Amino acid sequence: MEAGPTWETEAWGSSGGWPAPRGARAGPSLSSVLNELPSAATLRYRGPGVLPWGASGEEEEDGESNIQAMAEAAQKELGEPIPSRELPWPMQARRTHRQSHARDKVAQGSGSRVAQWALRLRRSKEKTQERLHTLQPWAWTLKRIGGQFGAGTESYFSLLRFLLLLNVLASVLKACMTLLPTWLEGTPPGPPGPDTSSPCGFYNPDPQGLVTFPTHLFSLLSGVGFLEWSPLFYGFYPPRRHLAVAYLCSVFIIGLLHLVLILHRSVSGLKQTLLAESGALTSYSHRVFSAWDFGLRGDVHVRLRHRIILYELQVELEEAVVRRQAAVRTLSQQAKVWSVRVLLNLLVIALLGAAFYGVYWATGATVKLQETPLVQQMPLVKLGVDYLPSIFISGVNFLLPPVFKLIAPLEGYTRSRQIVFILLRTMFLRLASLLVLLFSLWNQITCGGNAEAEECKTCGYKYKELPCWETRLGQEMYKLLIFDLLTGLAVMLLIQFPRKLLCGLCPGPLGRTVGTQEFQVPDEVLGLIYAQTVVWVGSFFCPLLPMLNTVKFLLLFYFKKFTLFSTCSPASRTFRASTVNFFFPLVLLLGLTISAVPVLYSIFLIPPSKLCGPFRGQSSIWAKIPESISSLPRITQNFLFFLGTQAFAVPLLLISSILMVYTLVLANSYGRLISELKRQIETEAQNKVFLAQRAVALSSASGAL
């Protein structure tokens, strides 16, 4: 048996990087062949710290001088100076480049003042961004959660922090634009007396006589009694011109501000999602060679980073298995899978329809049961009847999401796609349930949309049963927020902690089966978005609702954190965080859009209450804005009215359409260019592999001869 070619230490090629066979020393070595590959020609783009193919380690002795020389050569080739932090070079090469650039600036003189000011402005902006980043609350807590429980769980707490910021901003604006003007113009008047005569009846929310403690407690939970005529609800605010304008403008300003912040978060998440879905950042080589942060210090941070990379690799492997199984399905298997998906979706539609009908029935039954003498005589039963729609909505939201979770794995999608479908179905359930509740209430307020009905003909709404219908809507949103908080605390205290105690008392497989809990990211995220949608709907009718929601989210963060670390274990199946970083804000944006529909409908179409609120006596809530504009100077009036005409709207629409088409064309051209570059990279990689294999084969053949 002939011995294969042997390798010796003195037989290295001319460049010292790759050995050559004994019989092939006279011919070209593999090192010289690799130096002729296209990658060697792109050395300057890979930075001056990258050694060429075959470079030996002996050259590291004078590496600093070589790096400096190569940095100067690269700077000459690149032409205009580039900031050191933007160069893909090692730290030593960046430091040398920065020092060289500083010497050049000193030699060239002070330069123009405009360039200096631009440089100072950019540096101050970067420092400000870094300081704001360090001031973000719970940064270390989120990093710890991501390392121990995965990026999906971390994304939930990141979204909770973002929603807390939105509610803090809304609370500040409400306090400045609603509460302060109320007292700056004088003490608000009290509620109308029982002897107040009006074509729309009378309204007296102030309780008479001695009020017991249970009654106070029930009033606190349902928003009636002493809370009904308080700054918490719409009816408290007096009909003052400046207050009415500020009250209405605060709603639009908060909505626009939240829209801008959510869009900014969605776009930043979209960039990560596109990169992740394109495959550019999801390869295993990227996770192994490029995902480590060399700036970490301390064993705790290193272990957390280890866990994060482990979770990311686990997600990639799980989804790769599912894609591989889907790629080898036959036509009959595909037909079977799609049949199962159709049947499961029909089941989901049937469950959603039953839930919506139940919410509609509960809302109508609440009004009828409140009028019965038995309910009026028993405060506890009356409280249960008041909360009947909230109880039904919470029950449906508690029972159906686990069913959706059982259905999703049967459809044959990847883990990330399953999460998306669970989120979509649960989101539709929660938001549509809220819309059904609002539709039922509006049906009662407007007599089913029939303005000529006997009960609504006088005032435009059902004034006998709902003398202040805005406050009634605010009370419903208030009860939904309170009941959602109480439900979360009850689940934590009565279900999660007992399960953890049972796990400790029953060792073995039984205790692990019953007591092991995982943090359900889809359900928790949809709970946050549902709660925020309730606040967006109710903030017009209950101005202090964002403040209450701020306190609720602050408590929820610490409760969920405590529950996570004390009762939950890391998820057995994880999912890619880049998808949810874009999908969560998108669902939040949908919730904002849905919440705008009932608010705008109330502002423009339903007549305001005649006995309460800052818009009493107006034909519509929006009518206060044209009335206020009429008191402005003539030039300002003409300008504001011009913004609402077709002469302004049509050119704006045309310009927006042109910009949109230009953006789409530019994006398509960039997409084609990126696709072409990807194909070129694949071709170059294949060429390199082919040349390397040929070189090794020729060297082996020469050695055998």
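Predicted model, so just to flag it, every value in this text is computed and none were measured.
Counting non-hydrogen atoms of neighbouring residues, nucleotides and ligands closer than 6.0 angstrom, the CZ atom of F562 reaches no more than 12 such neighbours. Counting heavy-atom neighbours within 6.0 Å of F565 CZ, excluding the residue itself, gives a total above 12. Open room surrounds CZ on F398; 12 or fewer heavy atoms of other groups in view lie less than 6.0 Å from it.
Using a 4.5 Å heavy-atom cutoff, the side chains of I407 and F421 are not in contact. Between Q532 and L592 the shortest side-chain heavy-atom distance does not fall below 4.5 Å. Side-chain contact between I254 and S539: absent, with no pair of heavy atoms (C-beta onward) separated by less than 4.5 Å. At least one side-chain heavy atom of V337 sits less than 4.5 Å from a side-chain heavy atom of R341. Proximity of F157 to T141: side-chain heavy atoms (C-beta onward) are nowhere separated by under 4.5 Å. The shortest side-chain heavy-atom distance between Y601 and W442 falls under the 4.5 Å cut-off. The shortest side-chain heavy-atom distance between V599 and S595 does not fall under the 4.5 Å cut-off. Within the 4.5 Å cutoff, no side-chain heavy atoms of L548 are placed close to those of F553.
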Item checked: Audit row: L438, E476, side-chain contact (heavy atoms from CB on, under 4.5 Å) steps and yes/no -> CA-CA 9 Å; L438 293 173; E476 291 296 332; over 6 Å; no
Check: Y247 and F540: ring pair (Phe, Tyr, Trp, His ring centres under 6.0 Å), yes or no, with the steps?
Finding: CA-CA 8 Å; Y247 190 100; F540 180 79; 5.6 Å; yes
Next item on the list: Go through Y530 and M427 one step at a time and tell me if the side-chain contact (heavy atoms from CB on, under 4.5 Å) criterion holds.
Entry: CA-CA 8 Å; Y530 167 75; M427 172 202 66; over 6 Å; no
Checklist line | side-chain contact (heavy atoms from CB on, under 4.5 Å) evaluation trace for F252 with I603 | finding: CA-CA 11 Å; F252 291 104; I603 291 174; 4.2 Å; yes
Note to self: Run W138 and Y558 through side chain to side chain donor-acceptor pair (under 3.5 Å) and show every step you take.
What the structure shows: CA-CA 11 Å; W138 308 309; Y558 288 104; 3.1 Å; yes
Next item on the list: Determine, step by step, whether M477 and C542 satisfy the side-chain contact (heavy atoms from CB on, under 4.5 Å) criterion, reporting the C-alpha distance in whole Å, the side-chain angles of both residues, the deciding distance to 0.1 Å, and the verdict.
Entry: CA-CA 8 Å; M477 300 301 107; C542 183; 5.7 Å; no
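Between the NZ atom in K560 and the CG atom in L160 there is a gap of 9.5 Å [rounded to 0.5 Å]. Atoms CG and CG, on L165 and L261 in that order, are 6.5 Å from each other to the nearest 0.5 Å. Going from atom CG of L480 over to atom CG of L485 covers 12.5 Å, rounded to the nearest 0.5 Å. To the nearest 0.5 Å, the span separating CG on L166 from CG on L588 amounts to 7.0 Å. With values rounded to the nearest 0.5 angstrom, L545 atom CG is found 12.5 Å from W536 atom CH2. Between the CG atom in L437 and the OG atom in S390 there is a gap of 7.0 Å [rounded to 0.5 Å].
The backbone N or O of V348 sits nowhere less than 3.5 Å from a side-chain atom of R425 that would complete a donor-acceptor pair. Side chain of N397 to main chain of I393: a donor-acceptor pair is present (N/O by atom type, distance under 3.5 Å, no hydrogens or angles). Under a 3.5 Å cut-off, the side chain of S158 and the backbone N or O of S155 do not form any donor-acceptor pair. A side-chain donor-acceptor contact under 3.5 Å links N167 to the backbone of L163. Side-chain atoms of E470 never come within 3.5 Å of backbone atoms of Y234 as a donor-acceptor pair (strictly under, hydrogens ignored).
Minimum interatomic distance between A175 and M547 (heavy atoms only, all atoms of both residues): CB-CE, 3.8 Å. Scanning both residues, L257 and L169, for their nearest heavy atoms gives CD2-CD1, 4.0 Å. A pairwise comparison of heavy atoms in P585 and I262 identifies O-CG2, 3.5 Å as the closest pair. Scanning both residues, F404 and T426, for their nearest heavy atoms gives CD1-OG1, 3.9 Å. Across P546 and A170, no two heavy atoms sit closer than the pair CB-CB, 3.9 Å. The minimum heavy-atom distance between L399 and V403, with the atom names listed, is O-CG2, 3.6 Å.
A cation-pi geometry, defined here as NZ or CZ lying under 6.0 Å from the six-membered ring centre and within 45° of its normal, holds between R265 and F162.
Note: F519 and Y156 meet the aromatic proximity criterion, with ring centroids under 6.0 Å apart.
Checking each of W361, F428, F392 against F356 for a ring pair (Phe, Tyr, Trp, His ring centres under 6.0 Å) leaves exactly one that passes, namely F428.
In summary, E411 and K336 do not engage in a salt bridge, as defined by a charged side-chain N under 4.0 Å from a carboxylate O.
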